[in-house]
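Quick notes on the structure that follows.
Start at 1 and go down the list; that is how both ligands and their atoms are numbered.
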Amino acid sequence: MTRSSAAQQQAIEQIETYGSHNYHPLPVVIESGSGAWLTDVDGNRYLDFLSAYSAVNFGHSNPDLVAVAVEQLAKVSITSRAVYSATYGPFIEALAKLCGKDMVLPMNTGVEAVESSLKLARKWGYEVKGVPEDRANIIVMEGNFHGRTISVISFSSDDDATLSYGPFTPGFLKVPYGDLAAIEAAIDEYTVAILVEPIQGEAGVITPPPGFLPGVRAIADRHRVLMIADEIQSGLGRTGSTFYCEQVGVVPDLYLLGKALGGGVVPVSAVVGDRDVLGLLRPGQHGSTFGGNPLAAAVGLAVVRLLETGEMQTRSRELGAHLHSRLATLVGHGVTEVRGIGLWAGVDIDPALGTGRALSERLLDKGVIAKDTHGQTLRLAPPLVITREELDQAVDALEAVLAEALVDAGLAPIG
Ligand SMILES: *Cc1c(COP(=O)(O)O)cnc(C)c1O
């Protein structure tokens, strides 16, 4: 590999000089992508096992999605919602039906969908449930990741995400993820919603204990509280079904969607729910200049159409089973635990081998892009269009990297 080429060094230096250092990227400069592959400025190819945090579930430069985007670009891209647009209606009807819900509130980024749902839950609490003004609270989970705005980090458990950003937004009660008794104990007459990731992605692909999500649903029903499922990363095929909630027989009041909803082409997010909540918004009470724009709607509709066939969900389920059967064999060989479902895995690296970051850099040298989270966890999430052969190629690389790291750590004989 010639990743230390002058071209890459120069690009990295420019970015580190002029760009805010709010990320710690892998040392590679990408020029193009296709399917499960990324290509750097020197022509080296990498299997993408990050998929831009699942924003690229349907592959880089997906030809069908790109064609829709290009066609729409030539017509009109941005109108604002001051007028109706021709692509907006078909998109939101298809998305509402995909979710089995009445209505859609379109936004752009994931955190905007989260923020919007918090506003909606409070509004529902005051105007429908009858909670006294300014008293509403929302129950959230420890270890959550819902985005980066001040209100959303106000209930983060991550010190890096919160350091020096106070004062924080009040009105959130944090309970341990997976602990139904703690939710039950935290609820009071002012509770308007429970916000939960069906699987905690950024925390390390943490799957909930069996019965947790159905339990949340039951508690929400019993106390007349909204259940908000943040499926921004777990949704849209990643876990082998359209929503992870489906697999445990749960229907939340509000779905939060983002990332893959934009098809890896544009940012598209949405809150999807029934009329009793989404119908509360009146003109002027919420909005977004770019939300639901004609380009986003055209691409979003194409994404919904893609999901309607079930092909991506099936790929994720079947290839995911293969991925997890292979990863399971690594436990005890440099890996301490593997979690996840579908084409989504959190792989805990034995600390004796070094950090997750160090492993991800070794993987990069072998042509695989994967990133660490929370120190020791490698997070794997290839595009759902990946082939079984490509999947095996990347797992082979991971096996090789682990074997090398074991030797380097003096934990395995050389050879
Ligand atoms: C990525 C993510 C978000 C935030 O999405 P952005 O588009 O980065 O604002 C929110 N919730 C979950 C579960 C996510 O994975």
Side-chain angles (χ1 to χ4, degrees), residues 20 22-23 25 50-57 105-121 138 140-158 160-162 165 169 172 174 177-178 193-208 212-213 216 227-239 242-245 252 254-272 288 290-293 296 299-300 303 339-346 371-374 377 379-381 383:
S20 178
N22 59 327
Y23 278 85
L50 179 63
S51 305
Y53 304 97
S54 291
V56 190
N57 278 3
L105 171 67
M107 298 296 286
N108 312 284
T109 63
V111 76
E112 289 177 306
V114 178
E115 283 272 347
S116 303
S117 76
L118 302 176
K119 289 168 84 173
L120 277 162
I138 293 173
V140 299
M141 304 300 137
E142 276 169 19
N144 70 73
F145 182 84
H146 298 289
R148 301 293 194 171
T149 59
I150 292 234
S151 288
V152 168
I153 60 149
S154 293
F155 51 84
S156 171
S157 327
D158 178 348
D160 286 333
T162 54
Y165 292 143
T169 306
F172 302 99
K174 216 181 304 172
Y177 187 63
I194 303 167
L195 171 64
V196 62
E197 289 164 90
I199 290 176
Q200 288 191 323
E202 298 305 298
V205 194
I206 311 289
T207 47
F212 176 61
L213 295 168
V216 171
M227 177 179 181
I228 307 174
D230 181 347
E231 293 252 19
I232 289 169
Q233 202 167 161
S234 58
L236 310 185
R238 175 53 61 193
T239 67
T242 306
F243 305 108
Y244 182 67
C245 279
L254 300 177
Y255 286 106
L256 308 184
L257 303 175
K259 294 204 165 112
L261 190 57
V265 180
V266 281
V268 186
S269 70
V271 182
V272 188
S288 163
F290 291 102
N293 69 70
V299 174
V303 165
R339 294 170 302 274
I341 183 164
L343 282 173
W344 202 16
K371 275 215 91 177
D372 54 302
T373 182
H374 293 274
T377 304
R379 165 190 20 202
L380 305 181

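Between Ile228 and Ile194 there is no side-chain heavy-atom pair separated by less than 4.5 Å. For the pair Ser269/Leu257, no side-chain contact is recorded, criterion being any heavy-atom separation below 4.5 Å from C-beta on.
The two residues Gly147 and Val111 come nearest to each other via the heavy atoms CA-CG2, 3.6 Å.
Atom 14 (C) of ligand 1 has as its closest protein heavy atom Lys259 NZ, 2.9 Å. Atom 5 (O) of ligand 1 has its closest protein heavy atom at Gly110 CA, 3.3 Å. Taking atom 4 (C) of ligand 1 as the reference point, the nearest protein heavy-atom neighbour is Val111 N, 3.7 Å.
Under the 4.0 angstrom criterion, atom 7 (O) of ligand 1 counts as having a protein heavy-atom contact.
Ionic pairing of Glu231 and Arg238 is not present here: no N-O contact between side-chain nitrogen and carboxylate oxygen is shorter than 4.0 angstrom.
Considering Thr109, Asn108, Asn293 as possible partners of Ser288, the one that fulfils the side chain to side chain donor-acceptor pair (under 3.5 Å) test is Asn108.
Near Asp230, meaning under 4.0 Å from one of its heavy atoms, ligand 1 places the atoms 10 (C), 11 (N), 12 (C), 13 (C). In summary, the atoms of ligand 1 found under 4.0 Å from a heavy atom of Phe145, numbered by their order in the structure, are 1 (C), 2 (C), 3 (C), 11 (N), 12 (C), 13 (C), 14 (C).
Taking the six-membered ring where tryptophan is involved, the planes of Phe212 and Tyr177 are perpendicular, since the angle between them exceeds 60° and thus also 30°.
Looking at ligand 1, you won't find any N or O of Glu202 less than 3.5 Å from one of its N or O atoms.
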